[in-house]
K.L.:
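Below you will find the structure I want to go over with you.
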Amino acid sequence: MNKLALKTLLICAMIAAVTPFAFSAQPPASGAHPSHAAQAASAAPQVPTSAAPQVLPRFRFENFTTANGLPDNHVYSVLVDGERIWAGTDNGLGLYENGKWKTYTTKDGLAHRAVLSLALDKRSGDVWAGTMGGLSRISGGRIDSYTQLTSGLSNDVVYGVSIEDENVWVATAAGGCRLNTRTGQWTLYNERNTPMTEIWVYGVSAAPEKVYYAVWGSGLLEYTQKTERWDKYDDPDGETEMVLFKDQGLIHEIVTAVSYVDNIVWAATYFGGSRYDGRYWHNFLTKDSGLPSNFINTLKGVDATHCWFGTDKGLAYYDGVNWAVYRPSLKDGKPEMTVRDAQGNVKQVAVTTAPAHNYVLGIDFQGSDIWVATAKGLSHGIREKQ
Amino acid sequence: MSVRFQIAAGTALATLALALLAVALRTDHLVRAAEADDVNYASPLEVLLSPDGARLYVLCQQSEEVRVLDAATYAVMKTIAVGRVPRGFSLSRDGARLFVTNSWDDTLSVIDTRTLAVTATWPVGAEPSSIVEDRAGKRLFVANRISNDVAVLDAQSGKEEKRLLAGRGSSYLTISPDGSRIYATHVYPNPPHVRTEFDNRTAPESEITVIDTARAVVVDRMPLYRIAGVFHLAFSSDGRLGAVAEYHPKNLVPLAHLEHGGAFAYTLTIFGADVGKTSIEVPLDELERYASQPFGVAIAPDKSRIYVTIGGSECVIVIDVPRLMRFIHTRPRPQSGSFAYDLSASANYVVARIPVGHNPRGLALTRDGRKLFVANRLEDTISVIDTRSNRVAATITLAGPKTISEQRHGEQTFYTARQSFQGQIGCASCHIDSTFDGLTWDLEPDGFGRDIVDNKMLEGVKGTEPYKWNGGNPNIPTECGPRTEKYFWRSENYDNLTLADLVVYIRNMPTRPNRWKLPGHEMTPAQERGRALFTRSVDKFGKPIIEYNRCSYCHSGPKGTNQKLFDVGTRKPTDNSGILKSPPLTEIALTSPYLHDGSARTLEEIWTVYNPEDKHGRTNDLTKDELNDLIEYLRTR
């Protein structure tokens, strides 16, 4: 399938369902050593191949919909802000606080009703929202919005946003950009000044040493802050959907999300997931992992070993060895949890709750709990004692 | 030709000759007076008492010093040089350190109050204007006027921890009596957050930014509707009553009839447990006497009185708090929460109006509340008010020049409201601290509802004539004289000397340092690229750009104007003409909104929205990156 046709197909799929998005990651403890995919070719993966058996987390999912105050059931993004929860929906930004939902709309200054991405500036407490119509900053209840007409923002469709120090890093439909909140200067990143060949940027994960952009059709871009140098990681198989050599590099060019945590890059594509430690790649496919689908909308790394994946067929957790999948059953819609061990043995775990929908678009953590944005509601996974 | 016509013609000629002679004489006088004098006044802006009440600290803006006076004898104990154009100062809780924000060199002077020496000078944000320390002595909070934020610093090292988004023109900070909150105000209105068809005619909005001191995050923003220009805020000692001084412009209606109260209301917003769940706006103006340009606020320790300095009316207003409380709790509250337009209201709670010196600003009460010190900025004096009699008991004259220079007199003229009908407005009502106000106005001469105009920055106006957006005024004397007298003051003309001095002041107004310029003549790569676009003569398709459609043609010269009139395609249906003067670019980054009618909220909008036919320079061939570069360059002007 050529890229254009594939893109068209996926756009149709998104319109039918919901628009993909990206999210920000926890900053790492220290910098990673940059290296190209080719350098890692045929090297041994650094993901643990064995680990002490451990119990995969179990959750009781409480789901929010418009019936209990959520602004809209199409939830693109979720952000944990202490005891407060922000939900970016197709019809406004919801804030869940003290058991009640409050909705911010364009009347409050929000750039657009559809909120695709969210990020928290932990220092100031400000929340940044990427929308279908610009970027908004929510600060102490006031909303200031930036659009391509009123500011230096490269494009109004903001798929991803990530905060690093005084910089707001943004992924848009026309490249990436950075707003320095101190100087007000916008810097744009696109095909003219980076190795980006496509400018449809879906996600960004920024840290003091590195910034990663997930680019639809143009792989993964790495920016080293100190040297101001760009590196690009591509699928060594080119644009094909075949995987000729396992773990040679990025799994696919269509990268939908990236999470940089503890010097590890976790990357989501529509054709599998990747983990990169600065030297070695390890890829995840349904055929050889516990991923419920290769179509990954989002992911969020917990640390160097653990990661959550949001796919079109459920929420998945990887602990470095084992996998767990949480979803309404694809057959009958009943709550389902499956676990897969390192040997590929899959078994069912009896559960009574599941995320609101299998089409997962956003993930964030609240202590040991998880919040999940789905195409039909927001889910709060409350960790159960085991 | 009839005799009657000849007489009429002769009379007309004679009148014209006299008029020309008058203009010539007047111009001659103005030319003679046009050179600036170089007299270094103290210009006391703020005052503070030491915790033990023994010392009076006086922040002298023009001489760039803190003067330390014995609070009993008023003798000068020490003069301490600080940074450029200091604007705010405060003491640490124990009184051991005095912090001074130097607004033009972006530094903070730390003074040891035991040795009365500067022990540290720390770099801070752009145009630091006010500072407070938290009660724990861990953090300093600094309001930065240009970067519109409050910086959080380590109180011991001065290292900046973070910045918090504040209102536009963030300027004044007050810590609550219990130390749990910091309240920040700002002098320019926030940009309208919702786009409407009448963006340039939406009511201004401001806020009080509320910061949780312990967490150093913004936890609330108290809205101040229809307010543009918010200054000092004070609390009662029990923390139950807060009051903030502010301007309430009436810029959405034609500025025509001062006699009908058509320009400003000057108000306090009061809030807190004593007021109720919502804040309320009360006017300081009286029926025949306005309270032009309120600035400083203090509340008596026993909460019996609120004192407000009124910069343009040269007085201190005294409010009886119990009467004010009775008024707000018994008078039916307007739906808007504002009594701003009720000129009978203040008679219910204003109990005295104490004349002081020129342009009173900061004020400080003694701990027993019996003495009130008021800094008269443009008189180099401190009025000492006996609060029992509400009279000036003494006037402390600060050391300095004893003569009033032309420039000084011009500045006094700029700030005073005494020229205008009922003392409603002075130049500084719209040109806050001699700058601008971020508002658009409908001035009368062009017709009601016609020619809405954006208020402009005054710094650097010398040599950029003609003035007004339509270029209708050939020079500053015309701009400030007949036009202002006729259309603004509605009361009293300037005499020639006063007008000349006002012109001297305006012509010699210094221009603040540009914060986007690198040291020397260095430029960032983006600024360099932007400059190339600004000066280019060929577009990206290789086609020559006709001379008058190059940025650098109309915006030529050191101030960015060739002083000519053009039609750049921005005429609105309400405009009488689309022919407009190319405005200077001085400090353009600070002065949004843009275009003659303020319709462009940002620099970007000038080209992304209001230049569809490339009449305002050839720009539609630019990519977004390039437009950003052009703006980066413009911000250095």
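Side chains included, hydrogens not; waters and symmetry mates left out as well; all remaining heavy atoms used. We name chains A, B, ... by the order of the sequence lines, and we start the count at 1 in each one.
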K.L.:
Can you tell me which portion of B:A216 sits under 4.5 Å from chain A's heavy atoms? Options are side chain, backbone, both or neither.
P.N.:
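Only the backbone of B:A216 comes within 4.5 Å of chain A.
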K.L.:
How about B:R163 and A:R182: do any of their side-chain heavy atoms sit closer than 4.5 Å?
P.N.:
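In short, these two side chains touch, coming nearer than 4.5 Å.
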K.L.:
Which bit of B:R515 comes within less than 4.5 Å of chain A, counting heavy atoms only: side chain, backbone, both or neither?
P.N.:
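Neither part; nothing is under 4.5 Å.
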K.L.:
Need one label for A:I143: side chain, backbone, both or neither, based on atoms under 4.5 Å from any heavy atom in chain B.
P.N.:
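Looking at A:I143, just its backbone touches chain B.
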K.L.:
Please classify the contact between A:L153 and chain B as side chain, backbone, both or neither, with a heavy-atom cut-off of under 4.5 Å.
P.N.:
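Contact with chain B is through the backbone of A:L153 alone.
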K.L.:
Less than 4.0 angstrom from a charged side-chain N to a carboxylate O is my criterion; do B:E207 and A:R142 meet it?
P.N.:
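Counted as a salt bridge, because a side-chain N and a carboxylate O are separated by less than 4.0 Å.
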K.L.:
With respect to chain A, which residue among B:V218, B:N148, B:D220 yields the maximal number of heavy-atom pairs within a distance under 4.5 Å?
P.N.:
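The candidate making the most pairs under 4.5 Å is B:V218.
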K.L.:
Could you tell me which portion of B:N190 (side chain, backbone, both or neither) has an atom closer than 4.5 angstrom to a non-hydrogen atom of chain A?
P.N.:
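The answer is the side chain of B:N190.
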K.L.:
Without swapping roles, check the side chain of B:R221 against the backbone of A:G141 for a donor-acceptor pair under 3.5 Å.
P.N.:
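Not a single qualifying donor-acceptor pair exists.
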K.L.:
Do you know which of B:T209, B:I631, B:T623 has the most heavy-atom pairs with chain A at a distance under 4.5 angstrom?
P.N.:
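Answer, by heavy-atom pair count under 4.5 Å with chain A: B:T623.
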K.L.:
Tell me whether B:R226 at atom CZ has more than 12 heavy atoms from other residues, nucleotides or ligands lying less than 6.0 Å away.
P.N.:
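For B:R226, atom CZ is not crowded (no more than 12 foreign heavy atoms under 6.0 Å).
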K.L.:
Mind ranking B:K162, B:E632, B:E604 by heavy-atom pairs under 4.5 Å with chain A and telling me who comes out on top?
P.N.:
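Top option by heavy-atom pairs under 4.5 Å: B:E604.
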K.L.:
Taking every non-hydrogen pair under 4.5 Å, which of A:G125, A:S151, A:S154, A:A174 racks up the most with chain B?
P.N.:
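Going by pairs under 4.5 Å, I would pick A:S151.
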K.L.:
Rounded to the nearest 0.5 Å, what separates atom CG in B:D149 from atom CD in A:E166?
P.N.:
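Between B:D149 CG and A:E166 CD, I get 10.5 Å after rounding to 0.5 Å.
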K.L.:
Is A:N190 close to chain B through its backbone or its side chain, or both, or neither, when contacts mean heavy atoms under 4.5 Å?
P.N.:
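Side chain of A:N190 only, per the 4.5 Å heavy-atom cut-off to chain B.
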K.L.:
So, applying side chain to side chain contact (heavy atoms under 4.5 Å, CB included) with A:D126, which one of B:L164, B:L165, B:V217 is it?
P.N.:
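Of the listed residues B:L164, B:L165, B:V217, the side chain to side chain contact (heavy atoms under 4.5 Å, CB included) partner of A:D126 is B:L165.
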K.L.:
Measuring heavy-atom distances to chain A, does B:W607 have an atom under 4.5 Å in its side chain, in its backbone, in both, or in neither?
P.N.:
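For B:W607, neither part sits under 4.5 Å from chain A.
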K.L.:
Identify the two heavy atoms, one from B:W516 and one from A:T183, that lie closest to each other, and give their separation to 0.1 Å.
P.N.:
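Closest approach of B:W516 to A:T183, heavy atoms only: NE1-O, 3.3 Å.
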K.L.:
Can a donor-acceptor pair be found, under 3.5 Å and without considering hydrogens, that links the side chain of B:D625 to the backbone of A:L188?
P.N.:
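Checking the backbone N and O of A:L188 against the side chain of B:D625, no donor-acceptor pair under 3.5 Å is found.
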K.L.:
Counting only heavy atoms not in A:K102 (residues, nucleotides, ligands), do more than 12 fall under 6.0 Å from its NZ?
P.N.:
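Not more than 12 within 6.0 Å, no.
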K.L.:
Can you tell which part of A:S124 gets under 4.5 Å to a heavy atom of chain B, answering side chain, backbone, both or neither?
P.N.:
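The answer is both parts of A:S124.
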K.L.:
If only atom types and distance count, is the side chain of B:K624 paired as donor or acceptor with the main-chain N or O of A:N155 below 3.5 Å?
P.N.:
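Looks like no, no N/O pair under 3.5 Å.
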K.L.:
Does any backbone or side-chain atom of B:E205 lie under 4.5 Å from a heavy atom of chain A? Answer side chain, backbone, both or neither.
P.N.:
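For B:E205, there is no contact with chain A at all, as no heavy atom is under 4.5 Å.
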K.L.:
What is the distance from atom CG of B:L627 to atom CD of A:Q148, rounded to the nearest 0.5 Å?
P.N.:
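Here the rounded value is 11.5 Å.
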